[in-house]
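Heads up, the thing below is written out as structure tokens.
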Amino acid sequence: MADMRAFRDELRGWAAGGPGGAASDLAVRLEVRTAVLLEGPSDLAAVEALAARRGRDLAAEGVCVVPMGGAMSVGRYAGLLGPSGLGLRLAGLCDEGERRFYDRALKRARAASHSAFFVCVRDLEDELIRALGTARVEEIVRTEGDLRAWQTFLRQPAQHGRPRQQQLRRFLGTKKGRKIRYGHLLVEALEPEQAPAPLDDLLASL
């Protein structure tokens with residue numbers, strides 16, 4: 001796992017404009033065959049948590065899960081990792097609102113026919129909340145000691161009258177690190193048959 005983290009670190013530097021030699025060498029040494037492109041670290045936490053629950057070691061399988069630091073980076077990462085770069089198979093998740101952008105970016109990188117991307121209606125947090133149900137997510141919030149913060153959040157005027165699912169989704173993004181922590185926790189709380197289709201299909205494609 002440490003070596004795959006090293007590959008991600010080198011890849012991040014390469015995507016930022018640095019040299020790509022070390023990333024390329026690590027890809028060969030680690031026998032990386034697939035790169036899973038995700039928007040950020042909360043998606044990474046969810047994907048790794050579901051893989052672990054299913055007894056899979058993605059790194060050992062040659063799969064590197066890559067948080068890109070934002071959806072707008074997909075073109076850059078697809079170019080570096082896809083057919084015109086390291087020649088890896090690409091997979092990942094995207095939000096419905098960004099689907100056309102992803103399609104264009106993958107086409108420009110000549111990766112459209114060598115990729116498997118699955119679409120979340122709004123984002124992965126929204127998919128997980130819908131899969132578990134709002135009552136179960138609120139129970140997890142209480143168990144994790146965030147009840148007071150949740151109640152304070154609900155008293156904000158902007159939250160009055162909003163559907164509970166939207167409130168929970170917004171709450172998860174109000175504190176640094178909370179989305180990452182709950183990305184793992186919500187997956188851990190899923191029953192086997194509850195995994196949201198985009199996440200379930202992504203794991204099945206790898």
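Along the sequence shown, residues are numbered consecutively beginning with 1. Computed from a predicted model, the values in this text were never measured in an experiment.
To the nearest 0.5 angstrom, R169 atom CZ is 12.0 Å from L128 atom CG. In this structure, the separation between CG on L132 and CD on E127 is 11.5 Å, given to the nearest 0.5 Å. Rounded to the nearest 0.5 angstrom, C64 SG and L88 CG are separated by 8.5 Å. Here the OG atom belonging to S24 is positioned 8.5 Å from the CZ atom belonging to F7, to the nearest 0.5 angstrom. Within the model, atoms CG of L44 and CG of L38 stand 6.5 Å from one another, a figure rounded to the nearest 0.5 Å. Between the CG atom in L30 and the CE atom in M4 there is a gap of 5.0 Å [rounded to 0.5 Å].
Heavy-atom contacts from other residues, nucleotides or ligands closer than 6.0 Å to CZ of R99 number 12 or fewer.
One N or O on the side chain of S84 and one on the backbone of G79 form a donor-acceptor pair closer than 3.5 Å. Although no hydrogens or angles enter the test, the distance criterion places a donor-acceptor pair under 3.5 Å between the side chain of Q167 and the main chain of Q159. The main-chain N or O of E98 is never found under 3.5 Å from a side-chain atom of D95 such that the two would form a donor-acceptor pair. Side-chain atoms of R178 never come within 3.5 Å of backbone atoms of L172 as a donor-acceptor pair (strictly under, hydrogens ignored).
By the 4.5 Å heavy-atom criterion applied to side chains, L106 and L90 are counted as neighbours. Counting only heavy atoms from C-beta outward, the side chains of L11 and L26 never approach each other to under 4.5 Å. Looking only at side-chain heavy atoms (C-beta outward), F117 and L37 come within less than 4.5 Å of each other.
Legend: residues meeting side chain to side chain donor-acceptor pair (under 3.5 Å) with E61, ordered by chain and number and at least two apart, are R56. Listed by chain and number, the residues in a side chain to side chain donor-acceptor pair (under 3.5 Å) with T134 amount to none (sequence neighbours excluded). Residues satisfying the side chain to side chain donor-acceptor pair (under 3.5 Å) test with R53, not counting sequence neighbours, are none.
Counting only residues at least two apart or on different chains, the salt bridge (charged side-chain N to carboxylate O under 4.0 Å, His left out) pairs with a member in residues 11-27 are D9-R12. Listed by first and then second residue, the salt bridge (charged side-chain N to carboxylate O under 4.0 Å, His left out) pairs that reach into residues 31-45 come to none, sequence neighbours excluded. For residues 144-162, the pairs satisfying salt bridge (charged side-chain N to carboxylate O under 4.0 Å, His left out) are E144-R181, D146-R181, with sequence neighbours left out.
The two residues Y102 and M68 have their closest heavy-atom pair at OH-CE, 3.5 Å.
Between R142 and E139 no salt bridge is recorded (no basic side-chain N to carboxylate O distance below 4.0 Å). Taking the charged nitrogens against the carboxylate oxygens, D200 and R54 do have a contact shorter than 4.0 Å, which makes a salt bridge.
Tested against Y182 for a side chain to side chain contact (heavy atoms under 4.5 Å, CB included), the candidates V141, L168, V187, I129 yield a single pass: V141.
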